Amino acid sequence: MSALLALVKGDTSAESVVPRTGFTAILTIACAAAMAFLAVFVLALALSAGRQAADWEASLADTATVRISAPAEMADVQADTVETILSQTPGIGATRRLTDDEQALLLQPWFGSDLPVESLRLPILIDVTLTEGGPDVIGLRQRLSAEAPGAVYDDHGRWRAPMVDAARGLRTLSLIALILIATVTGVTVALAASAAISANGQVIDVLRLVGAEDRYISRAFTRRFTLRTLAGAAVGVVFGLIAVALIPTVAGGGLASAVGFRGAEWIWPALVPFVAAVLAFAATRAAAARRLNEAG
Amino acid sequence: MADPSAIALNSVAVSYSGRTLFRDVSLQLAPGSFHFLTGPSGAGKTSLMKLCYGELSPSEGRITVFDQDTSQMDRNAIARLRRRIGVVHQDCRFIDHLSVAENVLLPVTVSQGNVEAARADMADLMSWVGLNALTNHRPPELSGGERQRAALARAVILSPDIILADEPTGNVDWEMSLKILGLLIELNRLGKTVLCATHDMSLIRQAKTRVSARVLRLGNGTVELAGAEL
């Protein structure tokens, strides 16, 4: 903690002993910017995937569909029977029979808008809204099969589970990608710091000769690398946010239309530069300690 | 009873890669004394100097500086010990992108000392070593003699008790050698313990006319007091 406070407070004398130039400066800034840019994308994807999984789970979990495939003369009778059974079943909130137009709209993506629905033998679809807990599905199916043999109760589980699993999997992969990005950032900064320390062996010799302790030498490198990483990551985040904003939105496009940040989620990209700076601080300190121990 | 020596070496040996540089070296530098360390090239003068400020550890034996056993000290303790020892190398060792003044102030800045007070005293110090006009120059812009005097200014800025000078006149002409010797003698008169490694016997003879100095000769793997031949 005292090291972090010293970092914030700054020590220009310690910092000035290390030359400002060198490839490690460019390497650190460029790496931090690139990693922050990627981190913003992955964060947006992870948050969107999580949000989408929750949406899909919630929206499909509260609804069910009853499909009635019966000969034309029996279809309306069975539909009436089904609606009566549903109205008597605990856990069923509301029911609504889909109109021909609504069914045509559902088929439109596959058959186009000029489909003559009236010429097709389509099943009757009843949209069911569930109340908390839902019905006893096994009991309901048994009753439907006894009283309306053409009716099939579909609780969407067959569709819902893989979609939610896919969204959750995407979120998990995104989080793994974030960990990898953080690791690569830390390793790159540590390597750059290590290279800088090696390149400044003469400076370290002089500092030791005049009585500098390890923490002074370490501080000379740590603050500079931390600030470079902070600056690079801030630039990367800005470009990342611009790129995320430029992703085209697709109406009803599911996950593709939802990639981005909403409300309190904006705190996450804002934290990226600071997380990168903390990583750089820890990585540089560790690299400095290792190099100083090796030097003896 | 406390050891009265500023630096004491007891039965010290130094070996590199199986080759023994010197062995069974024992010597004591009393506070305020002036010693020359001489001997042929490769005898181990620089190594012996490094032992005295903890840059090198002995293969055998024990070294105490200000009554502290250097083998018992960690790297940071050695660093703090060096603030009480001013070291002047033949190659001076500066940080080239800093000005001469910033280099001279380094011991103060690394020890978190009062830099402003030291900066205020800089003019006197730089005047003492004759570098007043060069404080804002970079070390590579200085001549050999100027670098040695800047190194001496850096070595004394914390007013250390011991001055270790390793071939401080190795790269300068005779006139500059005498100037540097004069500065070391002045420091000794102020009570500093001085150990100066040199192969320049003329300089030692010159010094002995002005200061009570003992001469240690390092050769044949051991150290002995040089006598009347000087």
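Here is the naming used below: chain letters follow the sequence lines, and residue numbers restart at 1 for every chain. Every value quoted in this text rests on a predicted model; they were computed, and no experiment measured them.
- Interface with chain A: from residues 188-198 of chain B, no residue qualifies, criterion being any non-hydrogen pair under 4.5 Å.
- Residue B:T109 comes nearest to A:Y216 through the heavy atom pair O-CE1, 3.7 Å, listed as atom of the first residue, atom of the second, then distance.
- Contacts between B:F94 and chain A at a heavy-atom distance below 4.5 Å involve the backbone alone (N, CA, C, O).
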Practice task
Applying side chain to side chain contact (heavy atoms under 4.5 Å, CB included), run through B:V110 and A:I217 and close with a yes or a no.
Solution key: CA-CA 9 Å; B:V110 303; A:I217 298 171; over 6 Å; no
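- Between A:Q202 atom CD and B:I95 atom CD1 the span is 8.0 Å, to the nearest 0.5 Å.
- Heavy-atom distances place no part of B:R84 under 4.5 Å from chain A, backbone and side chain included.
- Heavy-atom minimum distance, B:E55 versus A:L209: OE1-CD1, 4.4 Å.
- By the neighbour-count criterion of 12 heavy atoms within 6.0 Å, atom CZ of B:R23 is sparsely surrounded, having that number or fewer from other residues, nucleotides or ligands.
- In plain terms, the two heavy atoms of B:A79 and A:A212 that are nearest each other are CB-O, 3.4 Å.
- The interface of residues 263-273 of chain A with chain B, defined by heavy-atom distances below 4.5 Å, is empty.
- Remark: B:D91 pairs with B:H89, B:R93 by the side-chain contact (heavy atoms from CB on, under 4.5 Å) rule, at least two apart or across chains.
- By the 4.0 Å N-to-carboxylate-O rule, B:R83 lies close enough to A:E213 to be salt-bridged with it.
- Shortest non-hydrogen contact noted between A:V206 and B:R154 is CG1-NH1, 3.7 Å.
- With sequence neighbours excluded, the residues satisfying side-chain hydrogen bond (donor to acceptor under 3.5 Å, both in side chains) with A:D214 are B:R75.
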